[in-house]
Amino acid sequence: MPPIQALPAETAKRLSSAQVAFSPDTVVKELVENALDAGASNVHVRVKDAGLALVSVKDDGTGIPVDDMPLVLQRYTTSKISSVEDLADVQTFGFRGEALNSIASLSQRTTICTRTEQEETGRIYEYDHHRRITSETTRAMQRGTQIDVEKLFHHLPVRKQLFSKESQQTCKRIKDLLIGFALLCPKTRIVLKFERSTNSSSSDESANGISKSSVSTTLVRWRHAYLCSSVLVMGVLT
């Protein structure tokens with residue numbers, strides 16, 4: 001994958017959007033898309049307290065080169081495109097370079113653990129919600145990247161309270177989202193695990209991860225829909 005670079009000002013202006021990450025499920029979406037764009041064969045997702053305490057996505061993709069780390073959380077920095085013209089041939093889920101910047105600004109702490117094939121050890125970077133590096137260490141790890149997003153909306157109490165009341169709906173959206181990714185990327189193994197804090201009062205029945213039965217049920221339903229209407233399947237998958 002090409003190195004991460006800042007987009008030209010005109011390109012950034014034309015591609016800019018509203019806040020990319022605005023809920024726990026959109027955080028999961030953006031991180032999983034990054035993992036898939038990195039060529040991951042295995043993606044592990046952990047969601048604690050419906051994403052408010054922790055969203056963690058671990059993959060075995062290409063990893064992030066050390067030279068890219070100063071730009072990885074900056075806005076409009078990406079390895080996917082270098083100009084608007086590249087959009088005609090874009091082959092990735094993401095390309096604007098806004099996701100990690102948005103996610104980090106909404107969390108109390110973002111931790112990135114990564115290692116490329118060329119490196120002997122992995123690197124761990126911790127960032128605060130101002131996207132400043134607060135810690136940098138090394139550790140043994142397999143090739144790939146793990147991003148931990150802790151305490152979403154800790155400095156936005158109204159939004160945090162809103163999502164704390166919607167934990168069941170959030171977990172269902174995350175589960176449905178990852179089942180969709182699993183169907184779109186059948187060669188990639190995606191594992192989802194929900195967790196609760198010991199002091200959490202949530203009684204969410206959706207927080208059981210993705211089971212084989214749930215994927216099988218969805219496949220049967222969508223296969224039946226395909227026999228009835230290919231347009232419906234295209235609409236669901238896209």
Side-chain angles (χ1 to χ4, degrees), residues 17-38 40-59 61 92-96 98-100 102-103 106-107 146-150 152-153 159-197 200-238:
S17 65
Q19 190 175 49
V20 177
F22 51 85
S23 63
D25 49 294
T26 58
V27 171
V28 172
K29 171 185 176 293
E30 297 295 340
L31 295 182
V32 171
E33 286 183 349
N34 279 349
L36 296 174
D37 286 342
S41 298
N42 294 276
V43 180
H44 292 257
V45 181
R46 288 176 56 214
V47 177
K48 191 172 186 178
D49 294 346
L52 294 178
L54 173 70
V55 172
S56 175
V57 176
K58 179 180 179 181
D59 67 62
T92 56
F93 285 101
F95 52 83
R96 286 194 302 259
E98 295 180 292
L100 289 179
S102 178
I103 291 168
L106 294 176
S107 64
Q146 177 175 335
I147 300 182
D148 294 343
V149 180
E150 300 177 61
L152 274 174
F153 312 123
R159 195 179 302 188
K160 181 179 179 180
Q161 183 180 28
L162 172 66
F163 285 112
S164 67
K165 295 178 179 179
E166 298 181 351
S167 60
Q168 184 170 351
Q169 297 94 314
T170 297
C171 288
K172 184 180 185 304
R173 286 195 299 268
I174 292 172
K175 182 186 290 188
D176 291 345
L177 171 74
L178 294 191
I179 289 176
F181 277 129
L183 293 169
L184 283 169
C185 307
K187 294 183 179 180
T188 302
R189 180 172 180 262
I190 300 177
V191 177
L192 170 61
K193 182 179 181 182
F194 288 104
E195 300 176 358
R196 295 194 187 97
S197 298
S200 174
S201 60
S202 172
S203 59
D204 177 21
E205 294 180 357
S206 299
N208 296 317
I210 295 178
S211 65
K212 291 183 178 179
S213 61
S214 64
V215 174
S216 298
T217 301
T218 303
L219 279 171
V220 169
R221 186 171 67 247
W222 286 9
R223 282 171 182 160
H224 175 72
Y226 176 78
L227 293 175
C228 299
S229 171
S230 59
V231 176
L232 175 60
V233 174
M234 291 176 63
V236 171
L237 293 180
T238 57

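Because the structure is predicted, anything quoted here is derived from the model rather than measured. Count residues from 1 along the sequence.
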Novice: Quick one, Asp25 with Thr170, criterion side-chain hydrogen bond (donor to acceptor under 3.5 Å, both in side chains). Give me CA distance, side-chain angles, the key distance, then yes/no.
Specialist: CA-CA 6 Å; Asp25 49 294; Thr170 297; 4.9 Å; no

Novice: From Arg159 CZ over to Phe22 CZ, what is the distance, rounded to the nearest 0.5 angstrom?
Specialist: 9.5 Å

Novice: Answer whether the closest heavy-atom distance between the side chains of Leu54 and Val47 falls below 4.5 Å.
Specialist: no

Novice: To the nearest 0.5 Å, what is the distance between NZ (Lys165) and CD (Gln161)?
Specialist: 4.5 Å

Novice: Side chain to side chain contact (heavy atoms under 4.5 Å, CB included), that's the test. Do Ser41 and Lys187 meet it? Break it down for me.
Specialist: CA-CA 7 Å; Ser41 298; Lys187 294 183 179 180; over 6 Å; no

Novice: Out of the candidates Leu178, Leu177, Ile179, only one should pair with Lys175 under the side-chain contact (heavy atoms from CB on, under 4.5 Å) rule; please name it.
Specialist: Ile179

Novice: Do Lys58 and Val43 have side chains that get closer than 4.5 Å, going by heavy atoms?
Specialist: no

Novice: Do you know which two heavy atoms are closest between Ala50 and Pro24, and how far apart they sit?
Specialist: O-CB, 3.4 Å

Novice: Go through the steps to decide whether Arg46 and Glu195 satisfy the test side chain to side chain contact (heavy atoms under 4.5 Å, CB included), and finish with yes or no.
Specialist: CA-CA 7 Å; Arg46 288 176 56 214; Glu195 300 176 358; 3.1 Å; yes

Novice: Within the structure provided, determine whether Leu31 and Val55 are in side-chain contact (heavy-atom separation under 4.5 Å).
Specialist: yes

Novice: Does a side-chain N-to-carboxylate-O contact under 4.0 Å join Asp176 and Lys172?
Specialist: yes

Novice: Hey, could you give me the CZ/CG distance between Phe153 and Leu106, rounded to the nearest 0.5 Å?
Specialist: 5.5 Å

Novice: Rounded to the nearest 0.5 Å, what separation is found between the CZ atom of Phe181 and the CD atom of Glu33?
Specialist: 4.5 Å

Novice: My understanding is that only one of Val27, Val45, Asn34 makes a side-chain contact (heavy atoms from CB on, under 4.5 Å) with Val57; could you say which?
Specialist: Val45

Novice: I'd like to know whether Asn42 forms a side chain to side chain contact (heavy atoms under 4.5 Å, CB included) with Asp59, so could you lay out the CA-CA distance, the side-chain angles of the two residues, the decisive distance to 0.1 Å, and finally the verdict.
Specialist: CA-CA 6 Å; Asn42 294 276; Asp59 67 62; over 6 Å; no

Novice: Ignoring hydrogens and angles, state whether a donor on the side chain of Asp148 or Ser56 is under 3.5 Å from an acceptor on the partner side chain.
Specialist: yes

Novice: If I compare all heavy atoms of Thr188 with all of Ala40, which pair ends up nearest, and what's the gap?
Specialist: OG1-O, 3.3 Å

Novice: Of all heavy-atom pairs between Glu150 and Ser107, which one has the smallest distance, and what is that distance?
Specialist: O-CB, 3.4 Å

Novice: Begin from the C-alpha positions of Arg189 and His44 and carry the test side chain to side chain contact (heavy atoms under 4.5 Å, CB included) through to its verdict.
Specialist: CA-CA 8 Å; Arg189 180 172 180 262; His44 292 257; 3.7 Å; yes

Novice: Kindly compute the distance separating CZ (Phe194) from OG (Ser167), expressed to the nearest 0.5 Å.
Specialist: 10.0 Å

Novice: Distance from Ser164 atom OG to Leu152 atom CG, nearest 0.5 Å?
Specialist: 12.5 Å

